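One structure is given below, encoded as structure tokens.
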Amino acid sequence: MTVVTRFAPSPTGFLHIGGARTALFSYLYAKRFGGKFLLRIEDTDRERSTQEAVDAIFEGMAWLGLKSDFDEIYQTRRFDRYKEVVQQMLAAGTAYHCYASKEELEQLRAEQMARKEKPRYDGRWRPEPGKTLPTPPAGVQPVVRFRNPADGQVVVRDLVKGEIVFDNRELDDLIIARADGTPTYNFCVVVDDWDMGITHVIRGDDHVNNTPRQINILQALGATPPAYAHVSMILGSDGAKLSKRHGALGVMEYRAMGFMPEAMLNYLVRLGWSHGDQELFTHEEMIAKFDFDHVSASPSRFDMEKAYWVNHQYLKTADLGLIAGEFDWHLRRLNLDPANGPDLKAVIEQQRERCRTLLEMAEKSKFFFADLDGYNEKDAAKHLTAESATLLEALDHALAALPDWDVPALHAAVNGFAETRGLGLGKVAQPIRVACCGMAVSPPIDQTLFLLGRERTLARLKAAVSFARSKT
RNA sequence: GCUCCCAUCGUCUAGAGGCCUAGGACGGAGCCCUCUCAAGGCUUAAACCCGGGUUCGAAUCCCGGUGGGAGCGCCA
């Protein structure tokens, strides 16, 4: 049997971190067993579903590289099928019409709560042998309810939580089709998972309580229930639940913060899952090693510091071309022209060790791609002094005389310059940094000047000299 | 309220009864290296929620408590 998993978000917002991890686990599990992974848009709630959200989810999935093996599926395009199954169940007696109004049900719930009972449908329209049903009120469109077994138990063998037992007495008859005829969530999932041959349902653990009902519906349909894996949720760093109001960010916002998609995946896969002490995984390793035996049942917190660290590991080691694509995106976002400067890969090679994010890298590389917009105040005060002006002026001449503008030549020139003057390299390099980069932080000075190029370097040295002299 | 889930350093976790005087990683502290910032190397502080059992032996199994969380919609 080939494994088929699915990621089934409802398009009511962007793809958040928890959803991304669920998608990743589903994807990895399918790939691990040479199976298929599909994306299904659960848009049966037409009030809340939006096209923007659908697009946002696709965008997030694409950025992360979680490709579906099929075209996306929309539940709204499967209404005929759901109706067909509802009719089937009605005919089989596993579902029935219920004419209770919303007001009526609300009152029922209120009464039950007051009596400290679990609020649930009381089965007033549920057909029983020998029971006389009320007469349907005129002009009321009924909903369709599933006839849940009255007793017995449902055992969910959850891949992460183990065996969970539910008493059927705790389950009421849920609505599977609204008065307007549209199907509801719990029903659509069941029909879809069944029709699409889903073998493993991997989802957030806020769904565990739905699982026994879904299993009952499946059984009423004569279908074999899939395996379930309920993954616990991801909390904010303060341990509070993530929500739009509280720190829930879309995956694309992590892109804006400067994360590599591969790093994001790596951080996410380790959140709740482990493989011994291993922290870093290639895409292939994730696929080969992922399993539910080592998925934690308890919720975990999103730790930004660790995420940054993982990202940094990727920046330090990933293929330059791969990084360049994202780096380019960030430069443009800062209104910089990637073409107006050194080769991106060469810049990345020099900056990758000192930046935890691509955003940071772009910001620290501005001076390679645009004219200086002034000097960092503190750095200039410290390093662009009257005496360093003399130094920089001499350096300007020395460097201008260089026959070749390459790293060894620049290295020799700057070091030799410092040596002949009996100065430590720092005394020379720091003023150059501020002059050429606008600040006292940059890659090694020889590399920096090389990448900056002769023209820009010499011009900036001259500008710094007059700047230093202009301040009294 | 009812049902269900969860519980190892601040955080992510290793740990499937003896290998645990509890390991790794992030973050923290300190030292070394150093042209800046980093990176790197070394050292260090830091945890089995509590109480009962089971067992020769429990972080690991069972029960109870406590504390968190989820669900209880004609939402998904």
Side-chain angles (χ1 to χ4, degrees), chain A residues 8-12 42-45 47-49 75 98 100-102 105-106 109 112-120 141-145 156 158 160-162 164-167 169-172 174-180 182-186 188-189 204-212 230 232-233 235 237 239 241 267 270-280 293-294 296-310 312 316 351-356 364 379 383 414-415 418 424-430 432-434 437 439-446 448:
Chain A
S10 62
T12 52
E42 310 233 315
D43 54 352
T44 50
D45 183 353
E47 307 247 313
R48 301 200 304 165
S49 301
Q75 290 191 321
C98 169
S101 68
K102 288 184 188 180
L105 294 172
E106 208 148 302
R109 261 195 290 273
Q112 288 167 327
M113 293 281 242
R115 261 183 274 130
K116 300 190 187 257
E117 285 168 20
K118 183 174 178 169
R120 43 181 303 185
Q141 279 302 310
V143 298
V144 179
R145 283 185 187 270
V156 181
D158 194 274
V160 351
K161 296 192 189 283
I164 310 173
V165 182
F166 292 88
D167 245 306
R169 276 171 304 176
E170 293 295 331
L171 274 24
D172 63 357
L174 77 161
I175 292 172
I176 59 174
R178 304 179 179 94
D180 66 4
T182 57
T184 60
Y185 166 74
N186 273 105
C188 299
V189 201
D205 73 355
D206 47 333
H207 287 286
V208 286
N209 291 292
N210 290 327
T211 311
H230 288 99
S232 59
M233 52 188 310
L235 275 15
S237 53
K241 185 185 178 177
Y267 176 73
R270 276 288 288 105
L271 203 56
W273 174 75
S274 63
H275 184 264
D277 288 338
Q278 191 171 348
E279 297 287 351
L280 271 9
D293 294 343
H294 296 86
S296 165
S298 53
S300 40
R301 304 184 185 202
F302 190 93
D303 181 12
M304 210 47 169
E305 289 303 320
K306 179 86 176 265
Y308 279 139
W309 177 80
V310 173
H312 193 188
K316 285 198 295 183
Q351 297 278 218
R352 68 201 314 193
E353 256 184 28
R354 52 203 96 237
C355 302
R356 298 203 299 176
K364 285 185 174 169
D379 293 342
H383 299 293
V414 177
N415 282 274
L425 188 51
K427 289 277 180 225
V428 179
Q430 288 307 81
I432 305 180
R433 277 205 169 83
V434 181
C437 314
M439 57 190 171
V441 175
S442 89
I445 201 66
D446 48 1
T448 303

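Below, chain A is the first sequence line, B the second, and so on; all start at residue 1. From a predicted model like this one, the values you see are computed outputs, not experimental measurements.
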Checklist entry - Mind checking the C1' distance from rA46(B) to rC9(B)? Whole angstroms is fine. => result 5 Å

Checklist entry - For the pair made of CG in Asp205(A) and P in rC5(B), what is the distance, rounded to whole Å? => result 11 Å

Item to check | Between rU60(B) and rA14(B) - P atom distance, rounded Å | outcome: 15 Å

Next on the checklist: As a test of reading the structure: which of rG1(B), rC6(B), rG27(B) is closest to the side chain of Lys116(A), going by heavy atoms?
Outcome noted: rG1(B)

Checklist entry - Which nucleotide sits closest to the side chain of Arg354(A): rU36(B), rA25(B), rG15(B)? => result rU36(B)

Next on the checklist: Side chain of Arg109(A), heavy atoms from C-beta onward: which of rG27(B), rC74(B), rC5(B) has the nearest atom to it?
Outcome noted: rC74(B)

Item to check | Length of the CD1-P vector between Ile445(A) and rU34(B), whole Å | outcome: 18 Å

Next on the checklist: I want to check one thing: is the phosphate of rU13(B), taken as OP1 and OP2, less than 4.0 Å away from some side-chain N or O of Ser300(A)?
Outcome noted: yes

Next on the checklist: For rG15(B) and His294(A) - does any side-chain N or O of the residue sit under 4.0 Å from the phosphate oxygens OP1/OP2?
Outcome noted: yes

Checklist entry - Starting at CZ of Phe166(A) and ending at P of rA70(B), how long is that distance when rounded to a whole Å? => result 16 Å

Checklist outcome for this item: Among the nucleotides rG71(B), rC74(B), rU13(B), whichever has the atom closest to the side chain of Arg145(A) is rC74(B)

Checklist entry - Starting at CE of Met233(A) and ending at C1' of rC12(B), how long is that distance when rounded to a whole Å? => result 17 Å

Next on the checklist: Please report the distance separating the P of rG15(B) from the corresponding atom of rC20(B), rounded so that it comes out in whole Å.
Outcome noted: 14 Å

Item to check | Nearest-neighbour nucleotide for the Pro119(A) side chain, rG69(B), rC35(B), rC72(B) considered | outcome: rC72(B)

Item to check | From rG40(B), rC74(B), rC5(B), nucleotide with atom closest to Lys161(A) side chain | outcome: rC5(B)

Checklist entry - Of all the nucleotides listed (rA25(B), rC74(B), rU3(B)), which has the minimum atom distance to the side chain of Lys102(A)? => result rC74(B)

Next on the checklist: Once you apply a heavy-atom cut-off of 4.0 Å, does Glu117(A) come out as touching a base, just sugar-phosphate, or nothing?
Outcome noted: base

Checklist entry - Base, sugar-phosphate, or nothing for Ala440(A), non-hydrogen atoms under 4.0 angstrom? => result base

Checklist entry - Which part of the nucleic acid does Thr44(A) contact within heavy-atom distance under 4.0 Å: base, sugar-phosphate only, or nothing? => result sugar-phosphate

Item to check | Length of the CD-C1' vector between Gln351(A) and rU36(B), whole Å | outcome: 12 Å

Checklist outcome for this item: From the list Tyr308(A), Trp273(A), Trp309(A), Phe302(A), ring-ring contact (aromatic ring centres under 6.0 Å, His included) partner of Tyr267(A) resolves to Phe302(A)

Checklist entry - Closest to the Lys306(A) side chain: rA76(B), rU13(B), rC12(B)? => result rC12(B)

Checklist entry - If the C1' atom of rU66(B) is compared with that of rG51(B), how far apart are they to the nearest Å? => result 10 Å

Item to check | Nearest-angstrom distance from the residue atom CH2 of Trp273(A) to C1' of rA14(B) | outcome: 13 Å

Next on the checklist: Under 4.0 Å, heavy atoms only, any strand: does Gly204(A) hit a base, just the sugar-phosphate, or nothing?
Outcome noted: nothing

Checklist outcome for this item: Picking from rC5(B), rU3(B), rA14(B), the nucleotide nearest the side-chain atoms of Ile164(A) would be rC5(B)

Checklist entry - Closest approach of Ser442(A) and Cys437(A), non-hydrogen atoms and distance? => result CB-SG, 3.7 Å

Checklist entry - With rounding to whole Å, what would you report as the distance between rG27(B) and rG41(B) at their P atoms? => result 13 Å

Checklist entry - Which is true for Glu279(A) with a 4.0 Å heavy-atom rule: it touches a base, it touches only sugar-phosphate, or it touches nothing? => result base

Next on the checklist: Under 4.0 Å, counting only non-hydrogen atoms across every strand here, what does Asp379(A) touch: a base, just sugar-phosphate, or nothing?
Outcome noted: nothing

Next on the checklist: Just to be sure I understand the rule, does Ser298(A) reach a base, reach only the sugar-phosphate, or reach nothing, if contact means heavy atoms closer than 4.0 Å?
Outcome noted: sugar-phosphate

Item to check | Rounded C1' spacing from rG28(B) to rG10(B) in Å | outcome: 9 Å

Item to check | Given rG23(B), rC2(B), rC35(B), the nucleotide with the shortest approach to the side chain of Arg433(A) | outcome: rC35(B)

Item to check | Separation of rU11(B) P from Tyr308(A) OH (nearest whole Å) | outcome: 20 Å

Item to check | Nearest heavy-atom neighbours spanning Gln75(A) and Glu42(A) | outcome: NE2-OE2, 3.1 Å

Next on the checklist: Considering every strand and a 4.0 Å limit on heavy-atom distances, what is the contact class for Lys427(A): base, sugar-phosphate, or nothing?
Outcome noted: nothing

Item to check | Shortest non-hydrogen separation from Ala179(A) to Val143(A) and the atoms involved | outcome: N-CG1, 3.5 Å

Checklist entry - Base, sugar-phosphate, or nothing: which does Pro443(A) touch, judged by heavy atoms less than 4.0 Å apart? => result base

Next on the checklist: Please report the distance, rounded to the nearest Å, between NE2 in His230(A) and C1' in rC6(B).
Outcome noted: 15 Å

Checklist entry - Does the side-chain ring of His207(A) lie flat on the base of rA76(B), meaning centres under 5.5 Å and planes less than 30 degrees apart? => result yes

Checklist entry - Looking only at atom P, what distance separates rC2(B) and rC19(B), rounded to whole Å? => result 41 Å

Next on the checklist: Under 4.0 Å, heavy atoms only, any strand: does Arg120(A) hit a base, just the sugar-phosphate, or nothing?
Outcome noted: nothing

